[in-house]
Structures are given as C-alpha cells and as structure tokens.
Amino acid sequence: MPKLTIDGQEIEVEAGITVLQACERAGVEIPRFCYHERLSIAGNCRMCLVEQEKAPKPIASCAMPVMEGMVIKTDTPLVKKARRGVMEFLLVNHPLDCPICDQGGECDLQDQAMAYGMDHGRYHENKRAVRDKYMGPLVKTIMTRCIHCTRCVRFATEVAGVEELGALGRGEHMEITTYLEKALASEVSANVIDLCPVGALTSRPYAFNARPWELRKTESVDVMDAVGAAIRVDTRGREVMRVLPRLNEDVNEEWISDKSRYACDGLKRQRLDRPYIRKDGKLVPASWGEALGAVAAKLKGTAPAKIAARVGDLADAESIFALKGLMASLGATNLECRQDGAHLPSASRGDYLFNTTIAGIEKADLCLIVGANPRWEAALVNTRLRKRYMMGGFKVAAIGPKLDLTYPVEMLGDGPSTLAAIADGSHPFAEKLKSAKVPMLILGMGALSRPDGAAVYALARKLGDACARDGWNGFNVLHTAASRVAALDLGFVPATQNPEAPEVVYLLGADELDLAKFGKAFVIYQGHHGDRGAHRADVILPGAAYTEKNGIYVNLEGRVQLGRLASTPPGEAREDWKIVRALSDALGKPLPFNTLEALRQKLVQAHPVFAPIGQVTPVASMPWSGSASAPSGGAFAYPIQNFYMTDPISRASATMAECTEAFVTGTAPMDANRGTGTHG
C-alpha cells in the first residue's frame, strides 16, 4: 500500500486509487464537476487541480493514480489561482439565469463558484447559445448551461446501458445530444438529472413548481416494485412535489427508476377520500359509521368458510398483520397475497427470497434468468446485473421470449421444456452451470403465474440446488410486488388447498387480480385509489398511500425497511391498520393493540424476522424435497407489459401516461417542442 503526503499529513492508501480519492480519505475536500465515483474517469473539467511536488504544473487529481512518496498540496496559491481560472472559463458562456433555474439551491456550479471562484468576471464578449434538445417527457434540457462534464453520457452508456447520449462537434461547438433527438429510452433515465452538476438537465414534470428550501424532506422507501429502493419524499403542505433517491449501497446505490421518481403525481389523482356504499347499483358517499356497520353486518352474517381476504401489491406489513388477525377472529382461512396466482411455497423463507441479495450479484460469474424481464420487473436489479457484466467475467442466459436487456443475453429457449432439459443435464448449459464458481438463478413471476407454475418452480428449485456453493445460495425469486415478501413472511396464504367459493371478499388494496371470478360476492375494498377494486366494490373504505403512513415493507431479498409518513391522507381517508382496528370493534372482536407501536410489538413477537431493520438475514440453501408433475408446454409470458403502469398510483399518473405514449405505445409525437415546462 503506497504512502503519500497530503497537505503535510502522511497517509497510507490502497493501490490503484486516484489522488482525489486519497485526498478524500485524508479529509480534504477537492472540488469537481466531471468526476463521479460510480462513473469512469473523464478528466474534462480540470476543477480538481492540485499541486504535486516536482511536477511542472498542477495535475488533475481525478485522473492521477497515487504513487509511493507523492507529496500533494491542495491549498497553495498556485492551486487557488488554477481553480479560479478554471471556474472563470466555465462561466464564460454560462447564462446568468440562476433566479429562474430549477437547479437553484442545489447547484454544484453555484456552490463551487462561491467557494473557489472569483468575485468578478473579466469577459464581456457575447455568450454562446445552444439549442435545447428533446430527451423525452421526463428530462428537460437547457443546453446553454451545459459545461460538458459528460456525466450524463457516461451514465447512459455505463449504468443505464443505453448508448443514446453522446457529444457532437469539438471545442466550443461541442453539444450533448441524443443523436437523433429522440426520447431517452431507459427505465432509469432521469438519474441524469441528479448527476448533472448544473441546470442543463432538469426534471420536466417538476419544472418551475417549487424551490428546495420550500420543501419538507422525509426519508422513506419505494414501493413501486419489490426492490425497496431508498428514497426521499419532498412535500409542500400535504402535496408530494417530488421523489429523489437516497444512498443505499446494498440496494439501489444512488439510483431509482423513473417510475419510482415520477409516479408520485398519481398520488393526487383519482383518490378515495371518503367511504362509499353501493345502493341500487350505485356507489354513494357514506359516513365511517355506516360503512363499518355495513361491513360488520355482512361479515357477521356469513359463514367463516365463505369469507375471503386478498392483499394487494402496495400493502404494508402492519395492515396485513392486522387483517390476518381480524380474519382469524372470524375463523376465516381463505387468505391470499399472490394476486397473480404465482405458485410460491411459503413454508421456508429461502424458497421465495432473492437469496443472492442485490449486492451479492457482483460476486456471481454466471446467471440464468427464467421467465423474468428484470429490466421492467426490477430496473435496479437490472442495473446491478449490468454493473457485474461491465466488471467482466460474467455470462447471462435466459429462458423465455426474446429479451432486450442492457447486456448480452444468450437465449436458451422460451419455455419449461428448456428448463427441464437443463435440470436433467441433457442441455449444454447444464455443464456451464455445474462448472461455474458462483452461479445464480433468477426465477420470475412469468414462470410461476401459470397453471403449471408449481411444476416449473420444482424444476427451478432443483436447479437452484445446483447453484449452491459453500456459503452461497444462488436461488432467487424476482418478485414484482412490494408487499409480497412481508405477506408470505406473515403466512397470508390459504389454510386449505381448495377453499370454498367466497360470498364476502375483503380486498386490501388488491387491484391486480381477476375480479370476475368472485361472481356476485359482496366485495369490500380498502384502498387509496379509484382503481379496479373500487369499481367492483360494494363498500369502499378509503386508506392511505405509502407516503401517507408509517409502515414496514420487506423487499425481495428479505430486507425489512421503514416507510415514513411524509404527508397526510386526503379527506376522511385513514391509515390502513387503523381501519382494520376500527372494524374489529364494530364486529365486537377488538384486536389487541391501539397504537402503531403496540401493533409492531405484537408483529415482532409473532414473527421475529421483522425485528432487524435494514438488514438481510442470510438463508442457507436447503435441498428441495418437494415434488410436482411435469410442466406443460407453451412459452413463458412476462408479467409486465407496460413498465410505467403497474399499480393504482402509476395508472393515475399523468407523467406515466406520457411515458406510456412515448415508450410503449409509440403514439407520442417525437419532437423537441413538445411538453416544454409542466404537463399540459
């Protein structure tokens, strides 16, 4: 490990890092614009200049590797003069529009100009102007502000894996563009907004809506998929203005998907803000007392075997636990959390988790994807798979319809027959799986949500055993619902193999199931949007969305995380566990808790797996002992056909509707004049 001296302080650092990174380890701040720790080194901006002893001129610390005996100075007159000069050149053509720039208050250029720049400029020539580019419905461009740091280009190429951004021209005539001026087609495209150190790339839906100092910031967790990305919810009053990523190295690093970022405008549309009861075929407003009384009367008058409960994809663990307790008090055992009909066993936790963990993907050397499209089902798992591919020595194969992922994929087949051939060793890929040092298998809902899902699961589980190594569990289930793992942990599954057809159905935010199969059953819908479940309901109990309550969510790898209340529910809507608790009173069977803290105590007592917050408890690979019939023919079908609309919130979002037009249906006009500013 080389030793070097930084500002008179001798430190020892690992070999291969840069001088800039060494300075950070020594506690010395180095300004930068182009450098980013998750992107390749470009050395464009020269803002990170430092003085190296015996070097003829200042060096770019971001591009200089450390060497034994280096003497670095970061605070000399030469360094200060060099940084002032760089800043002065950066501002030569930069427009003086800070008062109207959406980056104001969060701008690296503003901060570093104050800290390292001059107090005046010496250039009085006309500034250069650059035409704005169209990058789709999410990213707003003001390209005159661009300082050519190329962070966005490197992100699109290296992280997103969509080589659609680049630079045309040279010198002062260089421009960042999407080449053909079409929308930036990536599920994580809006992360370039966070990366941009100036106001050249800003959020189109958020444009001119708020200033950062007006917003209250709440740390929470995303529920738009099962990844459980760390997010920050910014609110003004009770309105959610924007959602931004938080750093979580084990889950999302510092990225989030575009749906997680922009579906939040759906939180204020099509909301259920008061109870409703269906009378004479029409839903009419009612009081809470009337609604709970009607539900209680119906439940009391129905045999327990004729009562069913279904949990939706966005439910928190507390409300699922409360509903299970309520159903148990009634003697009802027809419970289900797998809206899509996925054949997933729930007896052992390792049978339904992403056991490799998201961060563990970086250790694997071979991956087999079965019936899953991670690019749409879990965009941040896909970025981690691409990251592993970029590291080298990683091969990916898939079984299912042709995939358009952001890394090379060998398509082995499209259905369970290929899986069976690999499992019995007759397929050439079986040998690759056997010889891999750290293999992993990803099993998707497209393989499980079909009539022969149990047989497909058994085959995949057998292959999962073949992926096991000493201390390594390579079997992974790729969930698509934020509530699924917590519900399986809580045992929210049927007690009998073939329960009776229900006469009363309680839907806890369940909108993704076939409601026609319930026939003329009495449907109680508890949720926050007027979506499919509410349209079928006989009684509606308005609940709270994920930003409007404190709740526990468990991501696909089994990590218990806390979602926090950022705003309040609209109108008369209430937190979901409170509604279930009030209903238990109306039934005369009060649940044994009155506060969220008491509920969580009961939850942890009954299910200790919920105790460690933010941690993953590894599950050892256990040999599969189950049996199943042979799977039928037919290709797998991926469960998500439209990445931008998968739940009641995103279906209510105007921004997600624009993305659907631009990227899925192709009905949106692709021109640079469309949608300048806010929606409308």
Go through the steps to decide whether S653 and S650 satisfy the test side chain to side chain donor-acceptor pair (under 3.5 Å), and finish with yes or no. CA-CA 5 Å; S653 165; S650 57; over 6 Å; no
Got a list of side-chain donor-acceptor pairs under 3.5 Å for residues 319-326, not counting sequence neighbours?
residue: S319; atom: OG; partner: D316; partner atom: O; Å: 3.0
residue: S319; atom: OG; partner: D316; partner atom: OD1; Å: 3.2
residue: K324; atom: NZ; partner: L490; partner atom: O; Å: 2.6

For D340, check salt bridge (charged side-chain N to carboxylate O under 4.0 Å, His left out) against everything at least two apart and list the hits.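 R484.
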Could you tell me which residues satisfy salt bridge (charged side-chain N to carboxylate O under 4.0 Å, His left out) with D576, sequence neighbours excluded, listed by chain and number?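 If we apply the salt bridge (charged side-chain N to carboxylate O under 4.0 Å, His left out) test to D576, skipping adjacent residues, the hits are K549.
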Kindly list each side-chain donor-acceptor pair under 3.5 angstrom involving residues 500-507, sequence neighbours excluded, with atom names and distances?
residue: E500; atom: OE1; partner: K306; partner atom: NZ; Å: 3.2
residue: Y506; atom: OH; partner: Q526; partner atom: OE1; Å: 2.5

How long is the gap from [atom1] on [X] to [atom2] on [Y], to the nearest 0.5 Å?
{"X": "L335", "Y": "L508", "atom1": "CG", "atom2": "CG", "result": "11.5 Å"}
{"X": "L599", "Y": "L591", "atom1": "CG", "atom2": "CG", "result": "8.5 Å"}
{"X": "D538", "Y": "I277", "atom1": "CG", "atom2": "CD1", "result": "10.5 Å"}
{"X": "L330", "Y": "S584", "atom1": "CG", "atom2": "OG", "result": "10.0 Å"}
{"X": "H535", "Y": "L515", "atom1": "NE2", "atom2": "CG", "result": "11.0 Å"}
{"X": "C337", "Y": "L488", "atom1": "SG", "atom2": "CG", "result": "4.0 Å"}

Side chain of [X], backbone of [Y]: donor and acceptor closer than 3.5 Å?
{"X": "D511", "Y": "P648", "result": "no"}
{"X": "R278", "Y": "G281", "result": "yes"}
{"X": "T595", "Y": "A598", "result": "yes"}
{"X": "S260", "Y": "I256", "result": "no"}
{"X": "S483", "Y": "G312", "result": "yes"}
{"X": "Y262", "Y": "V243", "result": "no"}
{"X": "E239", "Y": "M241", "result": "no"}
{"X": "H479", "Y": "L353", "result": "no"}

Which heavy-atom pair separates [X] from [Y] by the least distance, and what is that distance?
{"X": "V477", "Y": "M445", "result": "CG1-CE, 3.5 Å"}
{"X": "I369", "Y": "P374", "result": "CD1-CG, 4.0 Å"}
{"X": "R261", "Y": "L244", "result": "NH1-CD2, 3.7 Å"}

Take L368 and I442, measure what side-chain contact (heavy atoms from CB on, under 4.5 Å) needs, and give me the verdict at the end. CA-CA 6 Å; L368 175 62; I442 297 177; over 6 Å; no
Considering only residues two or more places apart or on different chains, which pairs with a residue in residues 629-652 satisfy salt bridge (Lys or Arg N to Asp or Glu O under 4.0 Å)?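 Residue pairs passing salt bridge (Lys or Arg N to Asp or Glu O under 4.0 Å), neighbours aside: E512-R651, D531-R651.
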Filter on salt bridge (Lys or Arg N to Asp or Glu O under 4.0 Å), then keep only pairs touching residues 281-293, sequence neighbours left out; what's left?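 Every pair satisfying salt bridge (Lys or Arg N to Asp or Glu O under 4.0 Å) with a residue in residues 281-293: there are none.
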Should D265 and T655 be marked as a side chain to side chain donor-acceptor pair (under 3.5 Å) after you check the CA-CA gap, both sets of side-chain angles, and the distance that decides it? CA-CA 7 Å; D265 65 331; T655 307; 3.1 Å; yes
Any salt bridge between [X] and [Y], counting N to O under 4.0 Å?
{"X": "D351", "Y": "R349", "value": "no"}
{"X": "E187", "Y": "R375", "value": "yes"}
{"X": "R271", "Y": "D273", "value": "no"}

Kindly write out the residues that satisfy side-chain contact (heavy atoms from CB on, under 4.5 Å) with V409, not counting sequence neighbours, or none if the list is empty.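 Partners of V409 under the side-chain contact (heavy atoms from CB on, under 4.5 Å) test: V396, A398, L405, Y407, M411.
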By ring pair (Phe, Tyr, Trp, His ring centres under 6.0 Å), which residues pair with [X], not counting sequence neighbours?
{"X": "W255", "answer": "F155"}
{"X": "Y457", "answer": "F475, W624"}
{"X": "Y352", "answer": "none"}

[X] versus [Y]: any side-chain heavy-atom pair under 4.5 Å?
{"X": "V485", "Y": "Y553", "result": "no"}
{"X": "Y638", "Y": "L403", "result": "yes"}
{"X": "V539", "Y": "F522", "result": "yes"}
{"X": "I358", "Y": "L556", "result": "yes"}

For a side-chain contact (heavy atoms from CB on, under 4.5 Å) check, start with the C-alpha distance between T646 and N642, then their side-chain angles and the critical distance, and finish with the verdict. CA-CA 7 Å; T646 56; N642 179 1; over 6 Å; no
Which atom pairs, one a donor and one an acceptor, fall under 3.5 Å between side chains of residues 561-574 and the rest of the protein, sequence neighbours left out?
residue: Q561; atom: NE2; partner: G228; partner atom: O; Å: 3.0
residue: R574; atom: NH1; partner: E572; partner atom: O; Å: 3.2

For D258 and S189, which I'm curious about, is there any donor-acceptor pair between the side chains at under 3.5 Å?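 Result is yes, a qualifying pair exists.
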side-chain contact (heavy atoms from CB on, under 4.5 Å) for D585 and R581? Distances and angles first, verdict last. CA-CA 7 Å; D585 277 344; R581 176 65 180 82; 2.8 Å; yes
Would you tabulate the side-chain donor-acceptor contacts of residues 600-609 under 3.5 Å, counting partners in other chains and residues two or more places apart, or write 'none'?
residue: R600; atom: NE; partner: E318; partner atom: OE2; Å: 2.7
residue: R600; atom: NH2; partner: E318; partner atom: OE2; Å: 3.0

Does L441 form a side-chain contact (heavy atoms from CB on, under 4.5 Å) with N476? I'd like the steps, not just the answer. CA-CA 6 Å; L441 180 145; N476 305 285; 5.6 Å; no
